[in-house]
Amino acid sequence: PCITQCLKCINKISCEKVPEGFIYDPFTNQIGTSCSQEFYLPINSKTCEKCSVVFENCKKCHLSDKTVICDECNDKTLYIKAIILKCVSDCGTGYGINIDKCQSCGENAILCTFNQTTGITIVTKCNNSMIIMDDQSCVLSCPLENGYYLDVQNCRKCIASNCRLC
C-alpha cells in the first residue's frame, strides 16, 4: 500500500505526487500542509527538504524571499552565519556574536561584541591603525581640535561642554 493521500508512490515508501494544496514531508513520511521543524518547502515544490542540505548544520529554518533562513543551529555552541549559509563555531574577523547569530561589526571593525539588552554594537578593535570613536565607528584619526581626545585606541568626546581641546 502507498502512503495515505499520495497520488503516485515510489517503491511504496516515498511520495512523488500529492493532491493540490498538500505537501509531502519525507521526515514523517506523511502528506500534510506543513513541513517538520528540520525541513522547509522550496519554491514551486510539493516536497519538504532538509534545512541542513542548503544551510550547513542548521536544525530549524524557513524560506523567505527565495532564501533559506536558518532559525536554529544543530548545536548550541554554533552560531548562524547567514552570509555563508552555515552554522559556525567562530564567526570570524569582522563579526561578533549577537545572541545566536554572527553579526557584522561594521565597516573597518574587526572585533566587536553586542549589548544583549540594547542590541548596540561595541567595537573592540578596528582594522590596522584605525581608532574607535564614541559612536563605535572606526576612523583614521581622532578629531582632537573638535572636542575629542585620544585614550589608547579610543577617540573620546571631552566631558566639558563647549570644549574644543582637552
task: Determine, for E72 against K59, whether the closest basic-nitrogen to carboxylate-oxygen distance falls under 4.0 angstrom.
output: yes
query: Between N115 and T118, is there a donor-acceptor pair closer than 3.5 Å when you use the side chain of the first and the backbone of the second?
result: yes
message: Check for me, please, whether L111 and I97 land in the same ILVMFWY cluster - side-chain distances under 4.5 Å, paths through other members count.
response: no
Cysteine SG atoms at C51 and C61 closer than 2.5 Å: yes
- prompt: Only one of K60, Q37, H62, K101 clears side-chain hydrogen bond (donor to acceptor under 3.5 Å, both in side chains) with D71; which?
  reply: H62
query: Judged by modelled atom types alone, do D75 and T77 share a side-chain donor-acceptor pair under 3.5 Å?
result: yes
- prompt: Given side chains that start at C-beta, do those of C138 and V123 come closer than 4.5 Å, heavy atoms only?
  reply: yes
message: What I'd like to find out is whether the side chain of S14 reaches to under 4.5 Å of the side chain of C9, using heavy atoms alone.
response: no
query: SG/C105 to CD/Q136 distance, rounded to the nearest 0.5 angstrom?
result: 10.5 Å
query: Does the C2 SG fall under 2.5 Å from that of C15?
result: no
field: Transitive ILVMFWY side-chain link V54 to L63, under 4.5 Å
entry: yes
- request: Answer yes or no: is there a donor N or O on one side and an acceptor on the other, between the side chain of K81 and the main chain of C91, under 3.5 Å?
  value: yes
field: Donor-acceptor under 3.5 Å (Q116 side chain, F114 main chain)
entry: yes
Rounded distance (nearest 0.5 Å) linking atom NZ of K50 with atom CZ of F27: 6.5 Å
- line: Value for CD1 (I131) from CG (L150), rounded to nearest 0.5 Å, stands at 5.0 Å
task: Please assess C142 against C155 for the test disulfide bond (SG atoms under 2.5 Å apart), listing each intermediate value before the final yes or no.
output: CA-CA 6 Å; C142 186; C155 186; 1.9 Å; yes
- request: Give a yes or no answer on whether the side chain of D25 reaches the backbone of C48 with a donor-acceptor pair at less than 3.5 Å.
  value: no
For V88 against C102, the heavy-atom pair lying closest together: CG2-SG, 3.8 Å
message: Could you check whether K46 makes a cation-pi contact with Y24, meaning its NZ or CZ is under 6.0 Å from the centre of the six-membered ring and within 45° of the ring axis?
response: no
message: Within this structure, what is the OH-CZ distance for the pair Y40 and F55, rounded to the nearest 0.5 Å?
response: 12.0 Å
query: Any ion pair linking K157 and D134 (charged N to carboxylate O, less than 4.0 Å)?
result: no
task: Check the pair C73, N57 against side-chain contact (heavy atoms from CB on, under 4.5 Å), reporting the backbone distance first and the verdict last.
output: CA-CA 6 Å; C73 295; N57 293 313; 5.6 Å; no
